[in-house]
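Chain letters run A, B, ... following the sequence lines, proteins first and then strands; every chain starts at 1.
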2 protein chains.
Amino acid sequence: MDLLTVIRDVPDFPKKGIVFKDITTLLQKPEAFNFALNEFVQYANAKGIEKIAAIESRGFIFGGAIASKIGAGFVPIRKPGKLPSKKISESYSLEYGTDTIEIHEDAIRSGEKVILHDDLLATGGTMQAAIKLIERLGGIVTGISFLIELDFLKGRELLKGYEIQSLIHY
Amino acid sequence: MDLLTVIRDVPDFPKKGIVFKDITTLLQKPEAFNFALNEFVQYANAKGIEKIAAIESRGFIFGGAIASKIGAGFVPIRKPGKLPSKKISESYSLEYGTDTIEIHEDAIRSGEKVILHDDLLATGGTMQAAIKLIERLGGIVTGISFLIELDFLKGRELLKGYEIQSLIHY
């Protein structure tokens, strides 16, 4: 199945000159959703994964489904102030300023094999921060999966040394 | 399985005097996640549902998994400014001020049977706004599912006339 055909281009979002890749048109088609999910599941299953850690909030949509299908635990990585218990955080650079993501300290046990998941790989800054969170807790980042990768932004170079699965490339 | 035993109480979050019900301890246990998921799936399957519409962002975690399992489409209901294409919005009252949620206009077709899903039923204000969004698009709210219901806040009264499934009650 060609997933490219179910992604919608939205011009000038979130700002003028940017063509936004809208995944909601894929999500609302069950056959497309399950095709993508099965690709993620096959990848994760081959690696004996114990946790799927996904980044808020679009990463949660497939993240929970992948965890459930492979029998792994689900771990949310969230924006600041959202997680209620003891946590650690990492900041990363944006075009202007910085942003921060957080994870509960007890979300990952030392030595656990983890797949990180998000919907989109752009510059890779968010995912690089997520890798640091997992590794600070002693987890092993065994793979990283994205629905979409924007090849021209070269996020893959920032994540060098990690195995990356992307279902759709632009 | 007693899901109550895998929910963590976090005192004084998000502010002093409130005991927050933390679901991350449930999510990271595969057997608990899949037990809850199967309850949601049985409920949705019995109703011939075409779309699962879930509320950002904790609602996405089970929402995507339910949609996938029953072969329905997944529809995200999001905070303002997040959805890129043509959308409608509804505002609702909070303790102080108001908040708004949005849905894409093409997310639901007229006559489609929809289950709304979120992690928590508190006062019911957010879910009431979500119902309005679905019905404005011609969808039929066939059921509403929550992981947790805070009975003492009486959200169920605000949602009178709709069938509600809650797996955990406080």
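- Among B/Lys69, B/Lys51, B/Arg78, B/Lys29, the residue making the largest number of heavy-atom pairs under 4.5 Å with chain A is B/Arg78.
- For chain A, the nearby parts of B/Phe74 are the backbone and the side chain; heavy atoms of each come within less than 4.5 Å.
- A salt bridge links A/Arg156 to A/Glu149: at least one charged side-chain nitrogen sits closer than 4.0 Å to a carboxylate oxygen.
- Chain B forms the most heavy-atom pairs under 4.5 Å with one residue out of A/Gly81, A/Ala72, A/Ala54, and that residue is A/Ala72.
- Heavy atoms closer than 4.5 Å to chain A are found nowhere in B/Phe62, neither backbone nor side chain.
- Of the atoms belonging to B/Ile61, heavy atoms from both backbone and side chain fall under 4.5 Å from chain A.
- Classification of B/Asp9 and B/Lys21 as a salt-bridged pair holds, one side-chain N sitting under 4.0 Å from a carboxylate O.
- At a 4.5 Å heavy-atom cutoff, the contact between B/Pro76 and chain A is made by side-chain atoms alone.
- Chain A forms more heavy-atom pairs under 4.5 Å with one residue of B/Pro14, B/Ser57, B/Gly73 than with any other, namely B/Ser57.
- There is no contact between B/Ile52 and chain A, counting heavy-atom distances below 4.5 Å.
- Neither the backbone nor the side chain of B/Asp12 comes within contact range of chain A; no heavy atom of the residue lies under 4.5 Å from a heavy atom of that chain.
- When hydrophobic side chains of Ile, Leu, Val, Met, Phe, Trp and Tyr are connected at separations under 4.5 Å, B/Leu133 ends up clustered with B/Ile55, B/Val75, B/Ile77, B/Ile88, B/Tyr92, B/Leu94, B/Ile101, B/Ile103, B/Ile108, B/Val114, B/Leu116, B/Leu121, B/Met127, B/Ile131, B/Ile134, B/Leu137, B/Val141, B/Ile144, B/Phe146, B/Leu159, B/Tyr162, B/Ile164.
- Side-chain contact annotation: B/His117 with B/Ser145, donor-acceptor N/O pair under 3.5 Å present.
- Using a 3.5 Å distance cut-off with no hydrogens or angles, the side chains of B/Ser85 and A/Asp22 do not pair a donor with an acceptor.
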